[in-house]
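Working notes, beginning with the structure itself.
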Amino acid sequence: MNENDVPAGAIQEAERLAARSINCEPPGALARKLAEGRPLRVKLGVDPTAPDIHLGHTVVLQKMREFQDAGHTAVLIIGDWTARVGDPSGCSSTRPMLSGEEIDANAETFRRQAFHVLDEARTEVRNNGEWFAGMGLAEVVSLASRATVNQLLRRNDFATRMAEDRPLSVLELLYPLMQGYDSVMVEADVELGGTDQLFNLMLGREVQARYGVPTQVCLTMPLLVGTDGVQKMSKSLGNYIAVSDPPQEQFGKAMSISDETMPEYFRLLFPAEPGPDGHPAEAKRRLGRLIADRFHGPGAGEAAERHFNIVTRDRGAPEEIPLVVLAPGDPVHLPAVLVDHLGVASRSEARRLIQQGAVSLDGEAVREADVARARLDGAVLKAGKRRFARLRVTP
RNA sequence: GGGGGGAUGCCCGAGUGGUCAAAGGGAGCGGUCUGUAAAAUCGCCGGCUCAGCCUACGGAGGUUCGAACCCUCCUCCCCCCA
């Protein structure tokens, strides 16, 4: 179809679907696909390397949901097989491979959590082990013939590693090819990803072309910056808000985002909502409510905010405190209780908290490790800012 | 195939026979401040019912009154020459 034959409606629709994206390559391709008037097959590949999905993942998932809502088919590929290779994207060195059990468990978690955003009924989930597990050497060689090393080395981090003479395994070189093969197998019309995926997505087009099938549109989304406001959100950096985090935690983490990064959260996560305005702290409260509501249902945000007000703003005890029944013994050794029931890392750590006055009983700082049993019944034990337990002494 | 360098606490990184549970920085935690923002500031930051003890400087042995530091072997990483 000629550029000029694309109906204006398709061009508009393409623009709408590409909203907020960083790349939509090649130019005009999405509109041409849309002009064909059939549901497009929109692919997203995920590596089940981290068990939990976080807000960063949801940016791309939401884009996929937009396609679903426009009547297109979402194809979610779980890279159960490719996870064994280790995606070198953005990494300066080779990632460790995962065991089969880990991968399976992660994949299952990912599936479950992805459907917080995607419409399960309209999502096709595929494991790429489906076609890779039984692949013979002949087929591997055939796949390898579809791209040149020159093409692969155009990728920045590969080129850098070559230049600096750091190791770059053949396995890693193979990875983009495998990802491209996924596209061939599911007949992808569009592949989504973060901006760091652009190279792999584009190479997918190359692979598709060499297999003689239609090539995909590559649509990439911005990477959400983490709660530290510096690096991209990632599990391993610990700067993430997980989909599975309890609402109070999501709200709290939202409040701790820096003022500068907050607008980006609104823009990428809640494009339909009005952006931040007024006092930044108020805007963040709204952000926190929106996040908690999205993943825990309407009302979760307000409850989380109440909890926040009581515990963090007013430094009080929350509405609901887990009850802890103390084991026999008098006096009671507090470090043990703190470790067993309040999530303190070690007894030494607990001692330090006590020394620093961070442990209190009914609001009164405790200064010694051993406390008379009689003093504890019914008391609220607090460690640090927000760890609580109501104590009960066995009769 | 030959020659050289390196492996230290969550991460980076000093330390080259006792004063080392190991400088410094980052991360983290706890205070002050405050909007759980930023910035600033003080303290903590291996374990243990803790003035003491135990475990730790890639692994295994050895020398020594005493080793992260010296020796031997092993594993892994990096560099240079071919």
Once you apply a heavy-atom cut-off of 4.0 Å, does [X] come out as touching a base, just sugar-phosphate, or nothing?
{"X": "S346(A)", "result": "sugar-phosphate"}
{"X": "S348(A)", "result": "base"}
{"X": "R313(A)", "result": "nothing"}

- [ ] Output the distance between atom CZ (R392(A)) and atom CG (D377(A)), rounded to the nearest 0.5 Å.
- [x]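 It is 5.5 Å, given to the nearest 0.5 Å.
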
Task: Point-to-point distance, once rounded to the nearest 0.5 Å, from OG of S256(A) to CG of N239(A) - done: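 Here the interatomic distance stands at 10.5 Å.
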
Can a donor-acceptor pair be found between the side chains of [X] and [Y] at a distance below 3.5 Å?
{"X": "T215(A)", "Y": "Q208(A)", "value": "no"}
{"X": "Q179(A)", "Y": "N200(A)", "value": "yes"}
{"X": "K43(A)", "Y": "S183(A)", "value": "yes"}
{"X": "R20(A)", "Y": "Q62(A)", "value": "no"}

[N] and [M]: how far apart are their [atom1] atoms, nearest whole angstrom?
{"N": "G17(B)", "M": "A67(B)", "atom1": "P", "value": "14 Å"}
{"N": "G25(B)", "M": "G18(B)", "atom1": "P", "value": "24 Å"}
{"N": "C76(B)", "M": "A14(B)", "atom1": "P", "value": "25 Å"}
{"N": "C53(B)", "M": "G62(B)", "atom1": "C1'", "value": "27 Å"}
{"N": "A37(B)", "M": "G5(B)", "atom1": "C1'", "value": "46 Å"}
{"N": "C78(B)", "M": "U34(B)", "atom1": "C1'", "value": "48 Å"}
{"N": "C20(B)", "M": "A68(B)", "atom1": "C1'", "value": "9 Å"}
{"N": "G2(B)", "M": "U8(B)", "atom1": "P", "value": "27 Å"}

Rounded distance in Å - [atom1] ([X]) to [atom2] ([N]):
{"X": "H333(A)", "N": "C50(B)", "atom1": "NE2", "atom2": "P", "value": "8 Å"}
{"X": "N239(A)", "N": "C11(B)", "atom1": "CG", "atom2": "C1'", "value": "15 Å"}
{"X": "I257(A)", "N": "A37(B)", "atom1": "CD1", "atom2": "P", "value": "12 Å"}
{"X": "R351(A)", "N": "G52(B)", "atom1": "CZ", "atom2": "C1'", "value": "12 Å"}
{"X": "K284(A)", "N": "U34(B)", "atom1": "NZ", "atom2": "C1'", "value": "11 Å"}
{"X": "D259(A)", "N": "U34(B)", "atom1": "CG", "atom2": "C1'", "value": "12 Å"}
{"X": "R352(A)", "N": "U49(B)", "atom1": "CZ", "atom2": "P", "value": "13 Å"}
{"X": "I354(A)", "N": "C48(B)", "atom1": "CD1", "atom2": "P", "value": "12 Å"}

Base paired to [N] (Watson-Crick or G-U; both N/O distances under 3.5 angstrom):
{"N": "G17(B)", "answer": "none"}
{"N": "C44(B)", "answer": "G28(B)"}
{"N": "A82(B)", "answer": "none"}
{"N": "U75(B)", "answer": "A7(B)"}
{"N": "U36(B)", "answer": "none"}

Open item on the list: With a 4.0 Å cut-off on N to O distance, would you call R41(A) and D189(A) a salt bridge?
Closed with: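 No, no charged N to carboxylate O under 4.0 Å.
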
Task: Salt-bridge contact R375(A)-E368(A) (side-chain N to carboxylate O under 4.0 Å) - done: yes

Task: 5'-most by nearest nucleotide on RNA chain B - K253(A) or A345(A) - done: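 Result of the comparison: K253(A).
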
Open item on the list: Please evaluate residues Y265(A) and F270(A) with respect to the criterion ring pair (Phe, Tyr, Trp, His ring centres under 6.0 Å), reporting the C-alpha separation (whole Å), side-chain torsions for both, the decisive distance (0.1 Å), and the verdict.
Closed with: CA-CA 7 Å; Y265(A) 277 62; F270(A) 301 97; 9.4 Å; no

Open item on the list: Base contacts versus sugar-phosphate-only contacts with protein, heavy atoms under 4.0 Å: please encode nucleotides 24-32 of chain B as B, S and - from 5' to 3'.
Closed with: -----SSSS

